[in-house]
Structures are given as structure tokens and as C-alpha cells.
J.: 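I have a structure here, written as C-alpha cells, and I will follow up with some questions on it.
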Protein chains: 4
Amino acid sequence: MTESTTRLRADARRNREQIITAAREVFLERGIHAPLEEIARRAGVNIATLYRRFPDRHTLVQQVALDNLTLVGEELTRATVEHPDAWGALAQLLRRLVELRISVIMPELVPGLEKDMRGEGGPLKERRNQLFEQMEQLTRAAQQEGQLRQGINPIDLWLGVIKLSRPLPAIGAELNELIIDQQLELFLGGIHAVALDASEPLRRQPLTLDALDRYFRMVE
Amino acid sequence: MTESTTRLRADARRNREQIITAAREVFLERGIHAPLEEIARRAGVNIATLYRRFPDRHTLVQQVALDNLTLVGEELTRATVEHPDAWGALAQLLRRLVELRISVIMPELVPGLEKDMRGEGGPLKERRNQLFEQMEQLTRAAQQEGQLRQGINPIDLWLGVIKLSRPLPAIGAELNELIIDQQLELFLGGIHAVALDASEPLRRQPLTLDALDRYFRMVE
Amino acid sequence: MTESTTRLRADARRNREQIITAAREVFLERGIHAPLEEIARRAGVNIATLYRRFPDRHTLVQQVALDNLTLVGEELTRATVEHPDAWGALAQLLRRLVELRISVIMPELVPGLEKDMRGEGGPLKERRNQLFEQMEQLTRAAQQEGQLRQGINPIDLWLGVIKLSRPLPAIGAELNELIIDQQLELFLGGIHAVALDASEPLRRQPLTLDALDRYFRMVE
Amino acid sequence: MTESTTRLRADARRNREQIITAAREVFLERGIHAPLEEIARRAGVNIATLYRRFPDRHTLVQQVALDNLTLVGEELTRATVEHPDAWGALAQLLRRLVELRISVIMPELVPGLEKDMRGEGGPLKERRNQLFEQMEQLTRAAQQEGQLRQGINPIDLWLGVIKLSRPLPAIGAELNELIIDQQLELFLGGIHAVALDASEPLRRQPLTLDALDRYFRMVE
DNA sequence: AATGAATGAGCGTTCATTCAT
DNA sequence: TATGAATGAACGCTCATTCAT
């Protein structure tokens, strides 16, 4: 996936990828300070193996972030290919990013990784900036179509997706998914210019207090 | 404040309140898993005293949540008093809730505290439901005014505020505040029916990548 | 023993002393970087208890050193009381210090504790300096008696005792004791002016290769 | 160098020697429990290679010790060649041994390696015994010259050198060297019959407390 | 009732040692 | 044969929790 994967032995590469995958999941669920042992456990490797590949937490986060940026780039490309209109592409991209929970690690792109963003910056900053340019084009195009609300920029989308994606701790994954979907539609509705009419309701089944309570009863 | 406060000695009650206050602060700053010792220290009591009052973390969270719900009720009342129109009251309420970061502990109202919501539920569920009814009235009124978008309910607002308020871990408080404010305006803009016009930009100074980078350079 | 012992609960004071005693032993045997867990184990307390008393290794070393300096002071006093002549007192002091292995932690007085010796210095430096003055008096007196070789100062004795006391790692305590005794007599013989005559042999039973080998066979 | 070197491929032999050399250095610097990986790294080989050559730490220590004994033999020969008188040769030998810190590993000749001294003993014991005989001759000769104090034997010298050479942990190499030199002169002065006169001071600049403190201030 | 004190358990990190290539 | 890789285990340190005063 990333360059550093290149000259690794087959089994080591497999381990490396499992670790990154596990890290993405765990960071998603428990935040960036989650126990590394949990990650190792979930990746099915010994903690020392994790340390061999990633000498410290920061390095691991870096690599996951790099990986994520790559994935985002791929999703962006795919979205533009699959949609003739910018708004359609943008909406798919955002939905997809939330779906993949890719950005959960990105907020950490803001914290934890500040140093990588300073001065010249390394590959991380470079890739981020490049991605931003692409998103900016898409954003402007959607605004020229009259589909994306004025005054919105990639940062808004970026941070919005990050906040949306972060699961609320300790509630089950299902409920989190439900909530995230709901809020995502609200978000999209909020930035979609065309839908902006007081009388036009959001296209979704709203949550109710009863539904929430029913959920809690279920998972008992 | 809460019922259980009733039959306590004066100094014990003072302790209890100091602990809850400290807990709100610490939970806000360091998350809900912050060391209880930190809370005890800030409250100026021994850790064992904290344990005597709150046998486990859950109980403490519960009480803070109850306290928070009370505060929300007060804010709601104030907002309706200060604003003749429902939308004005609602907007102020949401802004205020985010400002107070009250919901930082509330998300835990959903997770962590699920059990308290099951079956009959205790005082927590009761107070929450009561609050919801009030919010529902306000919501409906705002929709009848044609100011709040159709299809939006208190849960959306509630969860929205919760997600908005949760600070991104590890970045400074300032940047978090900036981001929260930005996203809050986006949120309000998204649910405000009147503003729903593609050509009308949001009322705010948007964030830029440069601003972010400059921020990081500053805190170096 | 040290001031800080004063306001501790009875059981805590007992623990504290056991820890210091264990630390002296373990530092003696395994050096100043010995596992703190070993010390806790030998003191019969949990590692966390050790940490409660001594937040880090340095603090523990400091306290042991302080304790040692106190003991040395006591031994010095006793030696001068028990011997009318300075040389007699000095010899007893050195023998006694080696016997108590007190100085094993003192070498660490030189390393590890440098910071405590810099600038004004704290209680450690103060007590050391005070001790030195006493030793200097004793040294000069012995030289005026014509019993201590010229050109020798307290530092020589101090460092000599330290080096003598350090047990060779991994060989049994008995053999170490034997060796230390032998070298101590050699040392005393070397600094004793009166004995300085080529024809006068040292007063001791010299070690032989056979004795060493026999020893090894025994401990098999 | 040693017998086992005989039937190795050229590159393997080179590796072996590099490892032993690196081991001597590292043992000297960081003690006998230094990480084997450090040794491997410095020798420029993989840790697994080190393990292939030396199945465990003990074996490695053994070989380094053997190597050292060889070096001591060479130094002894050189000393006797360069000095017509036994005392001169002996003094040079001791100075040289201390200088080379050869014995840093030798003390381990006594501990750690006891087993190699038991029963028949292996090459290590054999070489040690042979060396001892040579030292005994030198010692006796020096005593007959009236230059070496009576009652002193090679073991005394051997163990003395070992204790002198062991650096005090954690203080810089410079200070250690200073201390070792000082104590070596004290040692030589102590065993030298001719110098044995109360009025004759040692030939050296004595250490002072101020000098020690100044040293610490420097390395700050 | 409140505090001082102790403990068990978890995670971070390093290293000796073994296994797979 | 030599190396890359993985592992188990030890130790450092912190914190939730309980016990003694």
C-alpha cells in the first residue's frame, strides 16, 4: 500500500497490513490513544512484532494516515469517474468516506501529526495538500452547478466528515452506524443548495426516542 | 441539587458538589476515562472520599449527566424567555449547549448510560424524557414558523450537538473551539429553512488550510 | 532515620524502612540499576507501594544514600569514641564501612546523584560535606601520629572503600566476602605508615589459586 | 586465535573475530549484561549470526576471557622483555592491564565462569593456570629484589587489578579513568616495599572534593 | 466521615531467544 | 550460512479499587 511495504518478506508484509487494518479499526473505536496491545491482539501478532514494524505510536498513526489519504484519493477518483456531475461525485465521496470511517484517523491528522505538517512537511503533508487541491476543484465545480451551497470549502467537508465518523464510545457499532447515517444525511441536506427549501423534508426515516430506547432494550 | 443530596451533612454535601463540578471539568478536558484521582485532586478531596460518594465511575457519570440535564433545562427556559420566536430560542439553546460543552458528558448519556435508559428507567430517563418533550414543543413551533427545516426532530439536534461538542483529541483547546464554532454554524445553516438558498453563503469566516498550518506553527 | 520518616503511619514507616533496607541489599548485589521490582519483592511489598514512597529510582537512591551517610557518621563517632588514637579509629572505621557494605551505594553518590551535588546542593551534599570534614580531621590526626601515610586524603579512602566493597557479580556472597577482606587488608597495609617495611608481611592468610578452585568446587 | 577458529570459512572467521572484538568493547562500556544486539550491531552482523557462533552469553564471555588471557600473556612477555628488573616488569604489567581494562571481563573470569574452573577445567582453566605460574615467578623475583612487599601473591594482584579496573557505573569515562589511576597508584604504593616509608608521599596529584564537584559542574 | 496506605492489573517498552527464509 | 522476522517474558510505570486507621 505505502512505499515502505515494498521490500518486506511475504509474511512480514501480511503482518504489516493486518496491523494497519487493526489499527484503523481500533483507532476508530477507541481513539488514537488506544492500547497498542489491543491493536496487536486484533491483528493476531505479538506486541513486539508491532513494535518491530512501528517503533512508536506516532509512526503507526503516520502510516495509517498515509494509507487513509491514499484510500481517499482512490475514492475521489472513483467518484468522479462514476458521476458526470460534481455534486453527485462529492456526495458519493462523502458518503463513502463516512462509510469507510477513513477519516477517523484523519482528525488525528490534525492532532498528533502536527509536526508532520510543519515547515516543508514530509510525504504526509504533500499527499494531503494534493488531495486538497482535488477536493477544491470538485467543490468549486459543485458550486458552479448551483448544487453546493456557497461559502463551503473542503475543510468544512473534511472536518465535518471527521466529526461525523467518530463513533460515540461504548454504544454498539450498530447504533453508531444508525446515528452516523442520520447525521450524515442532515449534513448533506445542509450543504445541498437545491434541497434548500423549508418545505422539503430530508430524505430519511428520522430517529425517535422510542427507537433509541428499543435499541437499548435489545442489546441488553 | 439532586435528591440524594438531601440527607447529607453540610461538609459532605459541599464535597459532593465539588466533586461533581470537578468531574465535569475534568471529563470535559480529558474525556470520560480521565483518572478519578485527578478529579479528586481538583475537588480537593481524597480519592477514597470520592469513592464513598460515588462507588464507581458509572455512578459519577450518572450524576454529572443528571446535573447536566438540569442545566440544559435551565438554558431552555432562559432561551424561551429571552426570545419571542421559537427559532431564535432554539438557535440560542443549541449555541449555548455547544458553548457549555454540556453534551461532552451527554454522549455518554447515550453510551455508558444505556442501562439507565432501559425498562422503567431511573431519574435520569425521567428527566431526559421531560426535557425531550420541551424540546419537541420548541422544535414544532420553529417548524410552524417556517424557520426550522421539516423532518428534523429533537434527537437530530441532540445528537448533532453531542457530535459537535466532542473535542478532537490531542489538538489544543483553541483549535477545537474554532472547529466547533465553524461546524456549529454549518449545522445551524443546514437546519435553518430561511437561509436555504444556494446563493446565500453561511455567515462566518471559513477556515483555510493555511490557517490550520499557521496554527500548528504557532503552538510549536 | 531520615526526616521524611517522621509523619508516617506506623505500618507505612515499617514498609518504608524495609524498602530502604532491601534497596541497600539489592543495589549492593546488582548495582544501582537493579530492577525495582526485585527490591519491592524482597521488601515484601507491592511495586506500587514502592512507587508511592519513592516516585522514581533516583529518589530511592537518594534516600538510601542519605541513610548511608547517616550510618557512616554514626560509625565515625563510635570509632573515635572507642579508640584513643586516630589511626586506630580510622582503621576501625574503614573496616566497619566495608563490613557494612555501606559504601556500595555511595559510588552511586558519585554517579546518579551528581545533580544533587551541583550548585548549592541539597541535604545530601550538605551531609556529605560535613562528613568529609570529620574524616579530614581524622586523617590529619593519623598522619601527625605518623601512622597514616602522607599524601593520602579522605577521597582516597572513600573511593577505596567504595571500590573494595563492590562485590564481583555472580559469585557467591562468601567468596566475595573473602576477597573483600583480603583486599581490605592489602589496602590498609598500603596506607599504614608504620607497617611500611619490605620485610614485614601483611597480617593475613593469603588466598591461593587452590583455595579459589576449592571454593568453586564447593558451591557446585 | 582460539582453537575453534580453525575450521571455519574465511568470512565466518572474520565474523567471529569482529564479534569478539565488539563484545570486548561493549562489555567494557556497558557491563557484561549489555544487550547482545548491541554487540551484533557493532560487529556488523545479525543477531542470529552471533547466536550461531555463540549459543549463549556465557560462551561469548568465555571466548572473550580466553582472548583476554592471551593478551595478558603477551603483555607479561613484553614487560619482562622491556625491564631488566622484576619489579619494573611487574609494575608495568599492572599498569598496562589496568590501562587495557582487560580485567573488566576477567572479574567475570571469577564469577560467571566458575564452572569453567571446576574439575579438570577446560582451555580457560588451563590458560589461566599457566599464566599464574608466570606471574608467580615474577612476583617471587620482585620480592627477592626487595621491591615487592612480602606476603603478596599473584591472586592479590589479579583481584586488585580486577577491582581497580571495574568502572563505577554511570559516571563518565573520564572521571572513572581519573579515579582508577589514583587508586592504582595507591595500590602500587601499597605493595612497593621500597616506598614504604611514612614520610614518603605517593607520587601523584591527589583528588579533592572540589575537583569532584567541579567535574560534575562541567559535565552538566 | 474522611483519609492514608496498599494492592492488582494493565499497558509501554526492551531484549534474549527461536523460527522461517 | 546468514539474515529477517516473530515471540515470550521481564521490567517500568500508572491507575482503579479496596483496606486500615
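Reminder, nothing fancy here: chain letters follow the sequence lines and each chain counts from 1.
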J.: Hey, does the side chain of Thr49(A) come within less than 4.0 Å of dT7(F)'s phosphate (OP1/OP2), counting only N and O?
T.: yes
J.: Across the strands shown, which category fits Asp56(D) at heavy-atom distances under 4.0 angstrom: base, sugar-phosphate, nothing?
T.: nothing
J.: It should be established whether Arg53(A) places a side-chain nitrogen or oxygen under 4.0 Å from OP1 or OP2 of nucleotide dA5(F).
T.: yes
J.: Please report, rounded to the nearest Å, how far the C1' atom of dT13(E) is from the NE2 atom of His33(C).
T.: 18 Å
J.: What I'd like to find out is whether the side chain of Leu66(A) reaches to under 4.5 Å of the side chain of Gln62(A), using heavy atoms alone.
T.: no
J.: For a quick check of understanding: with a heavy-atom distance under 4.0 Å over all strands, which category does Leu36(C) fall into, base, sugar-phosphate or nothing?
T.: sugar-phosphate
J.: For DNA chain E, whose closest nucleotide is more 5', that of Glu37(B) or that of Pro55(D)?
T.: Glu37(B)
J.: Show, in sequence, the C-alpha distance, side-chain angles and deciding distance for Leu50(D) and Arg53(D), and conclude whether the side-chain contact (heavy atoms from CB on, under 4.5 Å) test is met.
T.: CA-CA 5 Å; Leu50(D) 186 151; Arg53(D) 287 286 145 250; 6.0 Å; no
J.: So do the side chains of Phe54(C) and Val61(C) get within less than 4.5 Å of each other, counting heavy atoms only?
T.: no
J.: Where the side chain of Ile47(B) is concerned, which of dA5(E), dA6(F), dG12(F) is the nearest nucleotide?
T.: dA5(E)
J.: Classify the nucleic acid contact of Asp11(C) as base, sugar-phosphate or nothing, counting any heavy atom under 4.0 Å across all strands shown.
T.: sugar-phosphate
J.: Atom CZ of Phe54(D) and atom C1' of dA16(E): how far apart are they, to the nearest Å?
T.: 16 Å
J.: Can a donor-acceptor pair be found between the side chains of Gln63(D) and Arg16(D) at a distance below 3.5 Å?
T.: yes
J.: Mind checking who dT7(E) pairs with, Watson-Crick or G-U wobble, both distances under 3.5 Å?
T.: dA16(F)
J.: Once you apply a heavy-atom cut-off of 4.0 Å, does Ala34(B) come out as touching a base, just sugar-phosphate, or nothing?
T.: sugar-phosphate
J.: For the atom pair CD1 (Ile19(C)) and CD1 (Ile39(C)), what is the distance rounded to the nearest 0.5 Å?
T.: 9.0 Å
J.: Strictly by modelled atom types, are Thr70(C) and Asp67(C) linked by a side-chain donor-acceptor pair under 3.5 Å?
T.: no
J.: What does dA10(F) pair with, Watson-Crick or G-U, if both distances are under 3.5 Å?
T.: dT13(E)
J.: dT14(E) P sits how many Å from Arg52(A) CZ, rounded?
T.: 14 Å
J.: Given atom CG of Leu50(C) and atom P of dT14(F), what is their separation to the nearest angstrom?
T.: 13 Å
J.: Any base atoms under 4.0 Å from Arg41(C), or only sugar-phosphate, or nothing? Heavy atoms, all strands.
T.: sugar-phosphate
J.: Do the side-chain N or O atoms of Asn15(A) get closer than 4.0 angstrom to the phosphate oxygens (OP1, OP2) of dA5(F)?
T.: no
J.: Gln18(A) CD to dA6(F) P: how many Å, rounded?
T.: 10 Å
J.: Of the candidate nucleotides dT3(F), dA16(F), dC19(F), which contains the atom at the shortest distance from the side chain of Ala48(B)?
T.: dC19(F)
J.: Please report the distance, rounded to the nearest Å, between CZ in Arg14(A) and P in dA20(E).
T.: 13 Å
J.: Could you state the atom-to-atom distance from CG of Asn46(A) to C1' of dT14(E) in whole Å?
T.: 12 Å
J.: Could you state the OH-P distance from Tyr51(D) to dT3(F), rounded to the nearest angstrom?
T.: 16 Å
J.: Nearest to the side chain of Pro35(D) - dA6(E), dA5(F), dC15(E)?
T.: dC15(E)
